[in-house]
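All remarks here apply to the structure that follows.
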Amino acid sequence: LQISSWDPDQDLNEWALQRLRENRDWLTAPSGGTDLAGALRQDRRLLWILDGLDDMPDSLRPAALEKIVTGVTWGAPFVLTCRTTEFPLQASERLRRSCRVVRLLPVEADDTASFLEAMSEEGGVARQHWSRTIDELRRRPRCAIAVALSNPLMIILAWRMYEDSDPGELFTDPALRDVDSIQKHLLDGFIRSVFRTRPRDNRRLRGLWSRREPPPDRQQQAAGFAR
C-alpha cells in the first residue's frame, strides 16, 4: 500500500482495509457478520506492506510516524519502507522497542560480480561478454563502476542495457568517470532500449509497433520520470 496517500487524521487500520477492498473487490463478500477483508484482519492473516513513507509530504510525515509508532499494535503486522534520510532517528529509536528496524546496505562489489557471472552463465551469454566488468569489480571494489552498481536497480539496468552488447564503454568512455554520470547513462540507455524493444511473440503487436525511435523530448521525459 502506498502510505504516502494516507492522511494521518484517518485511522490507519481502517484506511488500509479500505485500500484492500478497493483493490480486491472480492474481499467485500459477506463473512460472519463482516466481509472477507474484515475476517482476515480479525484472524490476523494480513501483513501490511506500507511503502513510500519518504514520498509523504514533509508536513505530514512527523504526524504519520507518531501514529505508527504509538499504534504498533493497531491490528496487523506490517512492514514500513522509507529512505534513510527521511526517517528521523528519534522514530527509529522508539520503533526499536517494539519493532525490528532494518537498514538496507549497498551491494558489495563481489556480490555484484557474482550475480553478473551467474546471469551470464545461466542466460547463455558468453563469459567473455562480461569478463572485464566482473574482473574489474573484484579487482577494484571501490571504483566508480562498483559504487554505481551497488544499487540493485542499477545492476538490473546494466544487465538489461548490455545483455547483448559489450559493456566496455563503461570503462573507456571519458564521459563516464563518476558515479552520477554512470547511473544517468544506465537510466537513459534503459529508456532507449525499452522504446526500441519490439514484441517478439505476437504478430499483431509487432504490426502495431513503430519502427521509429520516439522524439528526443519524449525520451528525456521518460528518463526524467525514471530518475
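Please read these numbers as outputs of a predicted model, since none were measured by experiment. For reference, positions follow the sequence shown, starting with 1.
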Are [X] and [Y] close enough that some pair of their side-chain heavy atoms sits under 4.5 Å apart?
{"X": "R41", "Y": "E14", "answer": "yes"}
{"X": "L1", "Y": "L20", "answer": "no"}
{"X": "W130", "Y": "P167", "answer": "yes"}
{"X": "L27", "Y": "D35", "answer": "no"}
{"X": "R160", "Y": "L157", "answer": "no"}
{"X": "M56", "Y": "W6", "answer": "yes"}
{"X": "L176", "Y": "I145", "answer": "no"}
{"X": "T133", "Y": "F171", "answer": "yes"}

Using a strict 4.0 Å threshold on nitrogen-to-oxygen distance, state whether [X] and [Y] make a salt bridge.
{"X": "R61", "Y": "D58", "value": "yes"}
{"X": "K184", "Y": "D180", "value": "no"}
{"X": "R138", "Y": "E108", "value": "no"}

Heavy-atom pair of closest approach, residues P141 and A146:
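Result for this residue pair: O-CB, 3.3 Å.
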Considering all heavy atoms, the nearest D25-T28 contact
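In this case the closest contact between D25 and T28 is O-OG1, 2.5 Å.
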Apply side-chain contact (heavy atoms from CB on, under 4.5 Å) to M161 and list each qualifying residue two or more places apart in sequence or on a separate chain.
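Counting only residues at least two positions away or on another chain, M161 forms a side-chain contact (heavy atoms from CB on, under 4.5 Å) with E169, H185, L186.
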Is S4 reaching over with its side chain to a backbone N or O of L53, donor-acceptor style, under 3.5 angstrom?
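Side chain of S4 to backbone of L53, a donor-acceptor pair under 3.5 Å: no, none is there.
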Exceeds 12 heavy-atom contacts within 6.0 angstrom, atom CZ of R177:
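Yes, because the 6.0 Å sphere around CZ of R177 holds more than 12 heavy atoms from other groups.
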Hey, mind stepping through D178 and S181 against side chain to side chain donor-acceptor pair (under 3.5 Å) and telling me if it holds?
CA-CA 6 Å; D178 56 58; S181 62; 3.1 Å; yes
